[in-house]
Amino acid sequence: MDFLERATETHLRRIFSRKQLKRKKNLKSMWRRSASFILDRSSNSPPMADTTQTPFQNPDAISAYYQTRAAHHGVITSDWLAQAQAAVEQPDSSVSDLGAERSFNVIDEFNGWRKQPDLAEAVAAIRAMAAVIRASEATTMMELEIELKKASDTLKSWDKTSISLTAGCDLFIRYVTRTSALEYEDFNSAKSRLLERAEKFGEISCKARKIIAMLSQDFIFDGCTVLVHGLSRVVLEVLKTAAQNNKLFRVLCTEGRPDGTGVLLSNELSKLDIPVKLLLDSAVAYSMDEVDMVFVGADGVVESGGIINMMGTYQIALVAHSMNKPVYVAAESYKFARLYPLDQKDMAPALRPIEFGVKIPAKVEVERSARDYTPPQYLTLLFTDLGVLSPSVVSDELIQLYL
Amino acid sequence: MPDVQSTVLEFVNKLRKRKIEGSQATAKCTVELLRSVISQQRVPHSNQASALIDAVKAVGEQLVAANPVELAVGNVVRRVLHIIREEDLSLATAAMAGLDLLDASDDDGEDDNCKGVGYSAMSAAVAAAAARSTLRPPSLQTLLEGTPESAAVPYTSSSGADSESKTADKSSITRKLKHDVIEGVNHLILEISGCHEQIAEQAIEHIHQNEVILTLGSSRTVLEFLCAAKEKKRAFRVFVAEGAPRYQGHLLAKELVARGLQTTVITDSAVFAMISRVNMVIIGAHAVMANGGVIGPVGVNMAALAAKKHAVPFVVLAGSHKLCPLYPHNPEVLLNELRSPSELLDFGEFSDCLDFGAGSGSPLLQVVNPTFDYVPPSLVSLFITDTGGHNPSYMYRLIADYYSADDLVM
């Protein structure tokens with residue numbers, strides 16, 4: 001690390017203790033203006049010879065998915081978003097240069113897409129797969145499918161904890177295997193059609209958020225109080241649309257340690273002139289009687305109809321259920337995953353570092369899991385781009401897709 | 001056309017003045033009205049399904065606006081729209097199969113023809129798959145497929161057949177669609193009329209010897225259900241909660257006694273006291289929502305809560321015309337109707353309390369007389385419809401079968 005990087009790291013360490021920092025050179029000036037920092041492990045890792053080598057494994061099993069989300073949530077202001085957008089355009093070109101020398105690295109591509117803060121994980125995965133198709137030299141459909149399968153397995157094994165990544169990959173592979181045999185005799189037209197569909201998928205993601213926002217409008221009535229946990233872009237869209245439709249409502253949002261999602265959400269909501277109240281995570285039961293409904297997003301929707309979401313969602317759902325408050329989940333349909341957790345520990349562990357501000361004795365363990373599983377009986381309805389669903393409909397949808 | 005319009009207006013008036021009682025009667029009248037609208041609708045040669053759909057939708061919107069609380073009206077309008085779409089789709093696939101056969105029949109062995117056959121077969125398959133997915137609600141499968149082409153595409157797909165046979169085909173298709181739709185609508189009317197018998201057939205599986213059944217208010221479905229069990233020589237007793245303020249429970253009790261069943265009449269407030277001696281609660285629904293929630297006569301929510309507390313099965317009987325594809329977001333207010341306070345209080349005695357002229361202009365005594373009650377799906381054990389017994393979490397499946405996603409918003 002050069003002198004400037006060391007100096008800034010010391011500076012940061014004084015303010016934010018115990019956070020691993022790696023910075024990109026081209027974001028230096030941007031970083032100075034705002035108090036945000038981008039975590040990017042893989043850009044500093046040595047370039048891989050080809051995709052079949054064992055991908056870089058995090059020794060600490062810290063979930064890359066949650067780190068990226070933390071990075072997105074550094075300080076999200078709308079002008080920061082614009083700057084980040086501009087900044088991530090540049091690394092793309094460097095990736096494609098490297099691609100000329102060595103064989104295509106799908107993980108770099110994926111990370112390139114993933115850094116865009118407004119893009120969902122599954123969309124980034126599918127865009128990465130589209131890049132694989134573009135760079136592929138296959139001449140038959142079978143060959144292309146095999147390459148895609150390999151790329152999908154690489155992506156999935158690189159980050160085992162991200163559910164939307166797995167779901168997005170599976171969805172795309174499923175689509176490819178299903179449509180390839182049907183329609184086209186000409187390989188090149190099939191390939192171009194797959195490419196076109198994959199690139200259109202990003203639009204589907206944005207459209208999905210708008211559809212979900214539209215569907216949930218009826219459920220937010222004038223004078224209601226909504227409890228929100230975690231910073232979901234879909235839920236933000238829902239609340240934004242409700243505010244635009246001149247609905248009068250107020251939002252209670254939990255602090256959301258350790259990500260600090262509460263402060264971020266309250267920033268965004270106060271810009272929309274929605275009355276916001278911040279709660280400690282432990283104050284949820286205390287305030288639950290003045291709440292009319294709970295709105296959460298989801299990292300993944302599992303086969304049973306339950307959801308996997310930021311740590312604390314299960315707790316809130318339990319409290320809401322015991323007090324007869326409806327719990328609504330806003331999730332796009334590509335987050336449906338073929339998982340069936342039987343209890344909280346039944347998923348791949350996703351750990352994240354938690355600072356307590358003071359030094360913890362070495363013998364004390366810390367529960368570092370970043371997410372929990374909420375069983376379907378505590379959820380009232382799911383708003384998806386496929387329509388309003390009750391939790392039991394999810395398994396039906398999954399069966400239709402995978403059978 | 002003008003006389004159809006006048007019948008529509010007449011029916012709208014009847015609905016607005018609440019002259020038609022009961023969801024079955026309303027549903028039947030609505031379907032018959034729509035049938036006459038369809039038969040009198042003049043359809044163009046191409047794309048006739050959308051002409052029919054637009055006509056039915058226009059009439060349907062008027063009907064739903066006249067009585068938004070009577071959900072059966074909206075339900076049957078959507079059923080008819082679904083029938084139109086289905087018939088159109090089956091005709092389209094039949095037409096394509098017909099075109100293929102036509103190609104194959106004039107086999108000259110030429111290369112062009114063979115290629116033409118192969119190409120049209122494939123494009124037919126594509127168009128059929130696309131058209132099928134328009135009928136189904138959006139799903140994960142179709143997520144990546146993008147917007148499918150409309151069902152009008154098959155008519156324009158070119159093939160090697162001569163134009164004469166094609167137009168002959170088309171005109172027969174023209175007449176067929178209306179005919180098929182009217183047939184489907186007739187079938188729907190039969191279904192609505194026969195729902196009581198279908199449900200009553202299942203009574204014997206649910207009511208056992210020496211059981212005590214509780215019911216609330218009066219429902220013809222429940223009456224038929226109980227009598228069917230009685231006919232099969234099951235001996236059981238019925239508690240009837242009177243269902244204030246209309247006291248329709250009294251009428252039901254009279255009917256049951258006339259058919260030879262041992263009946264006990266109780267007040268609504270005694271339901272919780274008696275629930276521990278009851279084996280099963282059976283009620284008739286006014287409407288069933290997509291999440292499995294039930295709109296029933298006022299008082300059923302109380303009975304459902306009491307039943308849940310004492311682990312008594314709560315069974316709801318509903319004909320298929322009562323299944324509504326909407327999700328209730330505020331059912332107690334939006335799907336309820338407030339009736340006249342005179343059913344509760346006698347104007348003569350209370351005229352001074354209910355005086356609007358005195359003081360501030362609004363009387364101190366308010367009377368609320370709601371017609372319906374909403375029971376959340378967690379309190380219902382079983383739904384018995386004319387297709388059989390189902391879990392509340394399964395209702396979305398039936399709704400997906402009966403309705404198309406495009407018709408949900410009218």
Side-chain angles (χ1 to χ4, degrees), chain A residues 126 167 170-172 174-176 178-179 182-185 193-194 196-198 200-201 203-204 208 211 214-221 224 293 305 321 324 326 328 332-336 376-377 380-381 383-403, chain B residues 115 118-119 121-130 132-133 136-148 289-293 301 305 308 325-335 376-379 390-401 403-409:
Chain A
I126 293 189
D170 281 346
L171 187 66
F172 195 67
R174 188 81 193 140
Y175 174 65
V176 169
R178 258 196 22 227
T179 59
L182 273 182
E183 295 156 28
Y184 300 98
E185 299 172 342
R193 181 175 152 85
L194 283 178
E196 174 219 337
R197 286 277 116 228
K200 278 263 175 69
F201 194 72
E203 291 171 19
I204 296 178
I211 295 176
M214 230 177 49
L215 285 173
S216 28
Q217 285 317 296
D218 277 334
F219 289 80
I220 301 180
F221 50 90
C224 72
M293 66 188 82
H321 182 81
N324 277 326
Y328 298 130
E332 300 100 313
S333 61
Y334 49 76
K335 288 183 177 163
F336 288 10
Q377 59 260 34
T380 316
L381 286 177
F383 298 117
T384 69
D385 46 318
L386 305 177
V388 181
L389 310 174
S390 33
S392 41
V393 184
V394 173
S395 50
D396 218 37
E397 283 295 329
L398 282 169
I399 289 174
Q400 275 181 25
L401 178 63
Y402 285 102
L403 268 148
Chain B
K115 230 200 282 182
Y119 184 71
M122 257 202 309
S123 64
V126 170
R132 245 199 313 278
S133 62
R136 269 200 325 243
S139 74
L140 277 175
Q141 276 180 308
T142 55
L143 202 61
L144 276 160
E145 259 153 45
T147 49
M289 311 304 289
N291 62 343
N301 196 11
L305 286 164
K308 186 80 179 189
L326 304 172
Y327 279 86
H329 43 91
N330 198 357
E332 293 87 358
V333 173
L334 295 175
L335 295 175
S378 50
L379 300 178
H390 303 293
N391 217 356
S393 56
Y394 190 71
M395 297 319 274
Y396 72 90
R397 244 327 182 77
L398 295 179
I399 283 158
D401 282 341
Y403 304 102
S404 322
D406 302 323
D407 305 326
L408 287 186
V409 182

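Proteins get letters first, then strands, A, B, ... in listed order; numbering begins at 1 in each. Values in this document were obtained by computation on a predicted structure and should not be read as measured data.
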- Okay, A:L381 and chain B: the region with an atom under 4.5 Å from a heavy atom over there is side chain
- For A:S392, which residues count as a side chain to side chain contact (heavy atoms under 4.5 Å, CB included) partner, sequence neighbours excluded? A:S390, B:S393, B:Y396
- Item | Distance in Å, A:D218 CG paired with B:Y327 OH, rounded so as to fall on 0.5 Å steps | 13.5 Å
- Under the side chain to side chain contact (heavy atoms under 4.5 Å, CB included) test, residues paired with A:H321 that sit two or more places apart: A:Y378
- Where does B:P376 contact chain A at under 4.5 Å (heavy atoms): side chain, backbone, both or neither? neither
